[in-house]
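Computed from a predicted model, the values in this text were never measured in an experiment. Each residue takes its place number in the sequence, starting with 1.
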Amino acid sequence: MDIIQYFFLLLFAIGLTVIGLVYLGYWIPKKLGKRKLGIIFSRTLILGVALLILACIFNDILFFKWNARKYLVEQGIGLHDDFKILYNESSGLFDYYHKFELQISDSDKNRLINEIKSAENFTDTITTYFYLPDHKNRNTKNPTTANYENEHEYKSEFYKSNGKGIAPTYRIISISKKENKLTFEDIID
């Protein structure tokens, strides 16, 4: 059996479990003489499952400024001025990828560029492509950052191993040289 068949088998088992819980949520109170309570309880369970499914489906639409701030603060980057979310997308089950783009103010852009350029490990010798995990042992516990400049943007990359068998944390923050645009990428592979 391949991974897709296991996934659908798991999905089927979860579906049966949810249906069974909803039925028991109605049946047990009904047997105890509380039919209305059973109806309320089973409808509440159905609503909760429906909201959970909708939240997974509309994850990209339900992305707000406070979500963006939370991701940036985790990387030690704060935005002082207001910003606009230009783009947000996440995809994948086993290889997860999340990317969002923000339109930021001139002062935030200049401040962040100065923070990257003044970092201890900043380099301006990278011309086009750099992939931090290629330069890092995947099994080491110490997190690594790389701050650099290429032809089109300033970048700060963060890589941290999360232990054997667990996908590492790999995040890239890019600040465009031409536009007031900040791009955040979270890659789990």
Side-chain angles (χ1 to χ4, degrees), residues 1-79 82-103 131-134 136-141 143-144 157-174 181-189:
M1 247 193 322
D2 66 345
I3 193 91
I4 294 175
Q5 289 174 330
Y6 281 120
F7 174 72
F8 282 115
L9 186 63
L10 178 67
L11 198 61
F12 180 73
I14 290 171
L16 282 179
T17 304
V18 168
I19 291 170
L21 286 174
V22 169
Y23 180 73
L24 287 175
Y26 169 75
W27 184 76
I28 291 173
K30 180 183 174 201
K31 286 293 183 186
L32 296 173
K34 309 272 189 201
R35 183 174 176 271
K36 287 185 180 182
L37 179 64
I39 291 171
I40 291 170
F41 189 65
S42 63
R43 286 183 180 174
T44 303
L45 283 173
I46 290 170
L47 181 64
V49 169
L51 287 175
L52 183 65
I53 291 169
L54 289 174
C56 291
I57 292 171
F58 296 109
N59 187 28
D60 293 335
I61 296 171
L62 300 173
F63 186 78
F64 302 104
K65 287 184 177 182
W66 63 269
N67 296 107
R69 285 187 194 277
K70 181 185 79 157
Y71 280 112
L72 294 174
V73 166
E74 287 176 359
Q75 297 309 118
I77 292 182
L79 296 175
D82 196 28
F83 59 90
K84 179 181 177 185
I85 299 173
L86 301 173
Y87 172 83
N88 178 55
E89 178 185 35
S90 59
S91 63
L93 293 174
F94 303 109
D95 292 338
Y96 179 74
Y97 180 76
H98 182 204
K99 178 180 181 178
F100 62 83
E101 294 178 355
L102 307 176
Q103 182 176 357
Y131 183 62
L132 183 58
D134 285 346
K136 182 73 175 155
N137 181 351
R138 284 177 91 71
N139 296 322
T140 184
K141 300 275 184 203
T144 301
E157 295 189 15
F158 175 81
Y159 179 85
K160 181 179 100 174
S161 176
N162 293 320
K164 189 172 183 175
I166 301 171
T169 302
Y170 179 49
R171 294 182 175 157
I172 306 165
I173 296 173
S174 308
K181 185 166 69 170
L182 180 144
T183 304
F184 176 92
E185 297 172 89
D186 188 7
I187 304 165
I188 299 176
D189 61 352

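- Taking OG of Ser42 as the reference point, atom CD1 of Ile28 lies at 12.0 Å (rounded to 0.5 Å).
- For the ring pair (Phe, Tyr, Trp, His ring centres under 6.0 Å) test, residues two or more places apart in sequence or in another chain that qualify with Phe184 are Tyr71, Phe100.
- Residue-environment remark: OH (Tyr23) stays at or below the threshold of 12 foreign heavy atoms within 6.0 Å.
- Between His98 and Glu89, the shortest heavy-atom contact is CD2-O, 3.2 Å.
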Test log, rule side-chain contact (heavy atoms from CB on, under 4.5 Å), inputs Leu102 and Leu72: CA-CA 11 Å; Leu102 307 176; Leu72 294 174; 3.8 Å; yes

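- Atom CG in Leu24 sits 10.0 Å away from atom CG in Leu45 (nearest 0.5 Å).
- Tyr159 has its side chain out of reach of Thr169: every pair of non-hydrogen atoms, C-beta onward, lies at least 4.5 Å apart.
- With hydrogens and angles ignored, the 3.5 Å screen pairs no side-chain donor or acceptor of Arg69 with any backbone N or O of Gly78.
- Looking at residues two or more places apart in sequence or on another chain, you find no ring pair (Phe, Tyr, Trp, His ring centres under 6.0 Å) involving Phe83.
- Side-chain contact check for Tyr170 and Glu157: at least one donor-acceptor pair (N or O, by modelled atom type) lies under 3.5 Å.
- Within the 4.5 Å cutoff, the side chain of Leu16 has heavy atoms near those of the Phe12 side chain.
- Between Glu101 atom CD and Ile85 atom CD1 the span is 11.5 Å, to the nearest 0.5 Å.
- Here the CG atom belonging to Leu86 is positioned 8.5 Å from the OG1 atom belonging to Thr183, to the nearest 0.5 angstrom.
- Within 6.0 Å of the CZ atom in Phe63, the count of heavy atoms belonging to other residues, nucleotides or ligands exceeds 12.
- A salt bridge between Asp186 and Lys99 is absent, with no side-chain N of the basic residue lying under 4.0 Å from a carboxylate O of the acidic one.
- With sequence neighbours excluded, the residues satisfying side chain to side chain contact (heavy atoms under 4.5 Å, CB included) with Val49 are Val18, Ile53.
- In this structure, Thr44 OG1 and Leu37 CG are separated by 9.0 Å, a value rounded to the nearest 0.5 Å.
- Summarising the geometry, atom NZ belonging to Lys65 is positioned 9.5 Å from atom NZ belonging to Lys84; distances are rounded to the nearest 0.5 Å.
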